[in-house]
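The shown structure was predicted, so the numbers you read here are calculated from the model rather than taken from an experiment. First listed ligand is number 1; within each ligand, the first listed atom is number 1.
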Amino acid sequence: MTALVEWDDVTKVFGSGHVQVDALSHVSLQALRGELVAVMGPSGSGKSTMLSVAGGLDRPTSGRVVVDGEDLSTMGAAELALVRRRRVGYVFQQLNLIDGLTAEENISLPLELDGMSGRRARSAARTTLALVEMRDLAGRFPEELSGGEQQRVAIARAVVGDRALLLADEPTGALDSSTGEAVLRLLRAQCDRGACVILVTHDARLAGWADRVVFLRDGRIVDQTGPRSGPEVLLREPARR
Ligand code: ADP
Ligand code: MG
């Protein structure tokens, strides 16, 4: 089994001196192709930092991150930008949709910038919007969409183009539970075509879709469930606060 993403003894320190924070300390984890790994932990435990170093948005203070066989720590900014555009799909807590572009254009523009023809890019955008039940709203601008609809556009943008690594940081936050489940079904389907999904969530029911659940506290992995043993264990906990 090949690891699609590997955190190898990763430490990330923010700030310096008295205000220094170890967002991650000595985190080692591998996630495989086809695997959905959920990351849970209290606020400030390092979950978002784990994603940002894997997505090449931030560099570890020490240790390495390897994505699809390539060590990000040896890459320059331009190379890193290419990995981000071509291999990694990212759903942020803040959605980062472009206001001046329609839902469809928010998805097709990055594909076009990456060299795809306009026709193919628009067709890929529409297909992916259909997967999140947003086909009829493809021509709307972000401000004409509800929070949940905007979130579905952001998710469609992350999964379009068959990216190998999908990083989702509480992607279902603004969604009702049935749409949340639909999003998880979509992420799960991406795993089944060989992608690797890392999902940060607070919701134990959503973590139940994962093959493995990793628990972070104070920047360290303190526990993890075995492959596919997560759901039964987690579903015994109260599902919501
Ligand atoms: P989580 O996503 O689990 O809530 P984060 O990864 O966002 O946690 O943050 C982990 C720790 O690192 C927190 O203490 C947070 O305040 C700190 N941190 C995160 N990003 C920065 C930053 N850019 N500058 C300074 N501290 C940061
Ligand atoms: Mg976070």
query: Below 2.8 Å, any N, O or S contact between Ser48 and the Mg ion (ligand 2)?
result: yes
- prompt: In terms of atom number and element, which parts of ligand 1 are under 4.0 angstrom from non-hydrogen atoms of Ser45?
  reply: 1 (P), 3 (O), 8 (O)
- prompt: To the nearest 0.1 Å, how far is atom 8 (O) of ligand 1 from its closest protein heavy atom, and which atom is that?
  reply: Gly46 N, 3.2 Å
message: Heavy-atom count check: over 12 atoms from other residues, nucleotides or ligands less than 6.0 Å from Arg120 CZ?
response: no
- prompt: Does a donor on one side chain sit under 3.5 Å from an acceptor on the other, for Thr201 and Asp203?
  reply: no
CD/Glu143: more than 12 non-hydrogen atoms of other groups inside 6.0 Å: no
task: Please write down residue, atom name and distance for the protein heavy atom closest to atom 14 (O) of ligand 1.
output: Val21 CG1, 3.5 Å
message: Can you confirm whether the side chains of Asp9 and Ser28 place a donor and an acceptor under 3.5 Å from each other?
response: no
task: Quick one: look up the protein heavy atom nearest atom 12 (O) of ligand 1 and list residue, atom name and how far away it is.
output: Ala23 CB, 3.3 Å
task: Mark whether atom 16 (O) of ligand 1 lies under 4.0 angstrom from at least one protein heavy atom.
output: no
- prompt: For atom 11 (C) of ligand 1, which of Pro42, Ser43, Gly44, Gly15 has the closest heavy atom?
  reply: Gly44
task: Quick one: look up the protein heavy atom nearest atom 23 (N) of ligand 1 and list residue, atom name and how far away it is.
output: Phe14 CE2, 3.5 Å
- line: the protein heavy atom lying closest to atom 7 (O) of ligand 1 turns out to be Ser48 CB, 3.7 Å
query: What's the shortest heavy-atom distance between Ala54 and Leu165, and which atoms?
result: O-CD2, 4.1 Å
- prompt: Any idea which heavy atoms bring Ala23 and Thr49 closest together, and the distance?
  reply: CB-OG1, 3.8 Å
field: Neighbour count above 12 (heavy atom, 6.0 Å) for Arg193 CZ
entry: yes
- request: Flag yes if more than 12 heavy atoms outside Asp218 fall under 6.0 Å of its CG atom; otherwise flag no.
  value: no
message: Could you identify the single nearest non-hydrogen protein atom to atom 6 (O) of ligand 1 and state the distance to 0.1 Å?
response: Thr49 OG1, 2.5 Å
message: Contact between ligand 1 and Gly41 is defined here as a heavy atom of the residue under 4.0 Å from a ligand atom; is it met?
response: no
